[in-house]
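Structure, as structure tokens:
Lettering follows sequence order; numbering is per chain, from 1.
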There are 2 protein chains.
Amino acid sequence: MVPTSGTEPRKITINDVARSAGVSRQTVSRALNDKGEIDSDTKQRVLDAARALGYRPSRFARGLVRQDTMTIGLVIPDLLNPFFTEVAAAALEAARTRGWHVVVYDTADRAEEERGTLQVISSQVDAVIGYFSCSESELEASTRGMPVVLIGREGGSTRFSSIRIDGEEGVHAAVAHLVAQGHTRIGMLDHHTRAEPSIRYEWFTAAAVAHGIDAGLVVGADQTADGGGTALRTLLAAHPEVTAVFTFNDIIAIGVLREARRLGRSVPRDLAVIGFDGLQLGALVEPPLSSVALDTRQLGALAVEQVARLLSGLETLGAEDLVVRAELRLSGSA
Amino acid sequence: MVPTSGTEPRKITINDVARSAGVSRQTVSRALNDKGEIDSDTKQRVLDAARALGYRPSRFARGLVRQDTMTIGLVIPDLLNPFFTEVAAAALEAARTRGWHVVVYDTADRAEEERGTLQVISSQVDAVIGYFSCSESELEASTRGMPVVLIGREGGSTRFSSIRIDGEEGVHAAVAHLVAQGHTRIGMLDHHTRAEPSIRYEWFTAAAVAHGIDAGLVVGADQTADGGGTALRTLLAAHPEVTAVFTFNDIIAIGVLREARRLGRSVPRDLAVIGFDGLQLGALVEPPLSSVALDTRQLGALAVEQVARLLSGLETLGAEDLVVRAELRLSGSA
DNA sequence: AGCGCTCCCGTGAACGTTCACGGGAGCGCT
DNA sequence: AGCGCTCCCGTGAACGTTCACGGGAGCGCT
């Protein structure tokens with residue numbers, strides 16, 4: 001019979017090691033876990049046997065009997081997007097202080113990968129924190145009974161907790177600042193992954209209207225630096241009179257800074273720029289980026305905190321507590 | 001008796017749901033896993049009971065019986081360091097194509113956290129990819145029998161596989177380029193987390209000697225942009241004649257670019273700068289960063305590939321295949 | 001009436017580990 | 001001699017799920 005490539009050799013168990021070393025499985029367990037109550041010679045013999053056989057303990061069997069580990073899943077669309085890098089780092093930090101493990105899933109911004117992740121995640125983790133683009137019913141179907149905390153998404157149902165990002169005042173302050181600097185033609189580079197405009201655009205519109213300026217100078221942009229550059233060209237081609245730009249996020253704004261330089265426009269003199277997110281990255285570019293900044297560490301900490309409450313059955317945080325405020329932070333670019 | 005905060009309510013099991021719904025545990029399993037062979041009314045009753053009780057299946061029990069999931073641990077010192085962000089993203093991507101799960105541990109660059117991670121990781125994952133600063137014997141003690149692939153570290157023993165970063169030629173090319181541009185006083189900003197100089201410094205020294213220039217203009221720098229700025233000031237204070245700088249990595253180089261601007265030095269005219277790593281970030285700063293660039297995606301893919309071979313018992317890759325070459329990539333800064 | 005088939009459900013066993021407990025051997029002390 | 005203690009080791013049970021298998025009820029067909 002030809003052995004197929006799929007025929008795994010039967011898994012080595014603790015009993016195989018025990019037999020090989022001439023001891024009981026309990027003694028093997030003692031040797032491997034550095035417990036006492038074992039002779040040092042015996043211990044060495046067991047360790048040698050385990051190594052010779054290539055034994056690896058089953059984490060499932062171990063986890064089943066001593067139920068002391070907690071693992072959460074973190075689902076993000078793109079780890080290389082600095083915003084999600086910061087969120088992930090914050091979540092990892094908050095999880096670490098609780099001794100939790102974090103399985104990270106990067107869905108590459110594709111619905112297909114997100115669906116695939118949702119299908120497998122429930123058997124891997126005890127709770128989920130994430131940024132999802134699928135419908136709530138899809139989410140519900142694959143996370144039955146599991147705590148789920150959404151980030152940056154207005155939760156329609158009460159099934160899921162969600163951390164809300166409130167930038168209304170911050171965006172208002174940003175527009176007010178630009179107007180105070182004398183700008184009257186302020187463009188916005190929104191994201192364009194969705195058909196409908198973003199809530200950040202709505203905040204911008206409201207602020208513009210409140211200051212009596214045109215809120216219609218809007219162009220969709222890819223959520224990358226290149227996308228920001230391209231969108232800036234489009235915006236300036238359509239509206240050359242624009243002297244200030246507010247962007248959906250910092251990555252787009254950084255692309256704007258770069259493109260402005262290529263176009264020979266000095267920032268902030270010829271073009272004022274304000275982003276959104278307040279990434280650490282904004283301090284590295286020239287000029288340093290002004291931004292409606294939010295505290296990503298607080299965001300991660302809040303998400304983990306809520307998961308902890310959901311898991312323990314404690315009183316959960318209400319929607320009014322699950323908010324991260326974004327505030328205007330002025331730097332060189334505006 | 002006062003209930004202590006530690007008294008968890010006994011975990012709800014499949015049997016509790018079965019009893020509540022008046023069926024057997026197998027029927028509960030069928031309902032929850034969308035298997036057939038179940039009446040739709042029964043299924044709904046089970047689902048309701050499960051929800052009412054707050055039942056969450058044990059992933060350990062499930063994993064124990066159907067052994068089909070593979071999980072690897074990824075240990076990095078700082079996810080916010082863009083180099084490790086890229087490595088992590090690459091590893092996640094490579095793992096995803098294999099259907100593997102990845103638990104990420106950020107050790108915050110602290111030996112204590114690294115030790116803590118090592119202690120718990122063995123019961124959580126099937127293999128480890130990581131960047132460790134501890135000794136090999138410590139590593140060995142806590143990863144007994146588990147495949148381990150180290151990145152960017154010369155493996156002394158044969159116990160561990162390691163992905164080597166070979167920048168010798170790339171650094172030589174960088175120095176050659178600077179010399180060709182007329183630079184004779186080239187400084188280096190090494191990292192200073194360790195007592196001994198880095199291997200990148202050794203490459204730099206060898207290249208400098210080969211070109212007959214002084215290799216002694218070296219200053220240690222923190223692995224941050226601020227660290228790079230501070231180190232540049234120190235370097236220029238001691239050696240005002242320096243006209244070019246090679247840095248341990250891109251983050252330090254970006255700090256150098258920023259500091260040069262503050263000092264009124266134009267890059268590359270007054271100061272040429274070449275980094276190491278080739279981060280995507282380098283394209284966002286002004287001027288775009290020249291760097292001895294390595295392919296982080298290849299690095300991640302290679303690490304995951306080796307883990308797969310170690311786990312399956314296939315022939316493993318030898319040291320000569322576990323190499324990522326870093327090559328000079330010129331951009332605006334030099 | 002008897003047979004086979006489909007639909008639906010339940011019971012014993014197994015996955016691989018740790019926990020709880022029991023107990024033998026050897027030694028020192030009274 | 002008897003007792004207690006330490007050191008070392010082994011056996012049954014349990015963790016909570018899925019798999020394999022058996023089987024009853026109901027229906028249609030010959």
Side-chain angles (χ1 to χ4, degrees), chain A residues 8-47 49-50 53-71 120 122-126 144-146, chain B residues 8-47 49-50 53-71 120 122-126 144-146:
Chain A
E8 308 258 336
R10 197 181 57 76
K11 195 163 179 349
I12 309 279
T13 75
I14 199 172
N15 287 309
D16 298 319
V17 178
R19 202 171 316 123
S20 166
V23 296
S24 74
R25 59 177 195 284
Q26 179 62 15
T27 297
V28 175
S29 176
R30 278 190 268 253
L32 292 169
N33 296 321
D34 272 328
K35 301 270 172 133
E37 306 195 13
I38 185 171
D39 184 78
S40 63
D41 287 348
T42 311
K43 181 172 177 176
Q44 194 54 51
R45 205 168 69 239
V46 170
L47 260 35
L53 292 174
Y55 169 69
R56 291 197 302 265
S58 157
R59 61 198 164 84
F60 293 114
R62 183 176 289 178
L64 183 57
V65 52
R66 40 179 217 218
Q67 357 217 16
D68 52 355
T69 60
M70 183 65 69
T71 302
V120 299
S122 69
S123 60
Q124 295 293 315
V125 304
D126 302 303
R144 227 185 278 286
M146 203 165 43
Chain B
E8 309 260 334
R10 199 182 55 77
K11 194 164 182 346
I12 310 279
T13 75
I14 199 172
N15 287 309
D16 299 320
V17 179
R19 201 172 317 123
S20 167
V23 296
S24 73
R25 62 176 194 283
Q26 179 62 15
T27 296
V28 175
S29 176
R30 278 189 269 256
L32 291 170
N33 296 321
D34 271 327
K35 299 273 172 129
E37 307 196 11
I38 185 172
D39 184 80
S40 64
D41 287 348
T42 311
K43 180 171 177 175
Q44 194 54 52
R45 206 169 68 242
V46 171
L47 259 34
L53 293 174
Y55 169 68
R56 292 195 304 266
S58 157
R59 61 198 163 82
F60 292 114
R62 184 175 288 179
L64 184 57
V65 51
R66 42 182 217 215
Q67 358 218 15
D68 52 355
T69 60
M70 182 66 68
T71 301
V120 299
S122 69
S123 60
Q124 296 293 316
V125 302
D126 302 302
R144 227 184 278 284
M146 203 164 45

[X] (side chain) and [N] (base): donor-acceptor pair under 3.5 Å:
X: Arg25(B); N: dT18(D); value: yes
X: Glu37(A); N: dC7(D); value: no
X: Arg56(B); N: dG16(D); value: no

For [N] and [X] - does any side-chain N or O of the residue sit under 4.0 Å from the phosphate oxygens OP1/OP2?
X: Thr42(B); N: dC9(C); answer: yes
X: Ser24(A); N: dT11(D); answer: no
X: Asn15(B); N: dG16(D); answer: no
X: Ser29(A); N: dT18(C); answer: yes

Measuring from the side chain of [X] (C-beta onward, heavy atoms only), which nucleotide among [options] has the closest atom?
X: Asp39(A); options: dT18(D), dG16(C), dC9(D); value: dC9(D)
X: Ser58(B); options: dC19(C), dT17(D), dG10(C); value: dT17(D)
X: Thr13(A); options: dT17(C), dC19(D), dT18(C); value: dT17(C)

**Message:** At 4.0 Å (heavy atoms only), tell me whether Lys35(A) reaches a base, stays on the sugar-phosphate, or touches nothing.
**Reply:**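 Counting heavy atoms under 4.0 Å across all strands, the contact made by Lys35(A) is with sugar-phosphate only.
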
**Prompt:** What does Arg59(A) touch in the nucleic acid at a heavy-atom separation under 4.0 angstrom: a base, only the sugar-phosphate, or nothing?
**Reply:**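 Here Arg59(A) touches no strand at all.
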
**Asked** So what's dA20(D) paired with, Watson-Crick or G-U wobble, going by both distances under 3.5 Å?
**Response** dT11(C)

**Fill in**
When both distances are under 3.5 Å in a Watson-Crick or G-U wobble arrangement, the nucleotide paired with dC5(D) is dG26(C)

**Message:** Between Tyr55(A) and Ile14(A), is there a side-chain heavy-atom distance shorter than 4.5 Å?
**Reply:** yes

**Prompt:** Rounded to the nearest 0.5 Å, how far apart are OG of Ser58(A) and CD1 of Ile12(A)?
**Reply:**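 Reported value, rounded in 0.5 Å steps: 13.5 Å.
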
**Message:** With a 4.0 Å cut-off on N to O distance, would you call Asp126(A) and Arg56(B) a salt bridge?
**Reply:**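 So Asp126(A) does not pair with Arg56(B) through a salt bridge.
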
**SB check Asp34(B) Lys43(B) (cutoff 4.0 Å)** =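 Result for this pair is yes, salt bridge flagged.
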
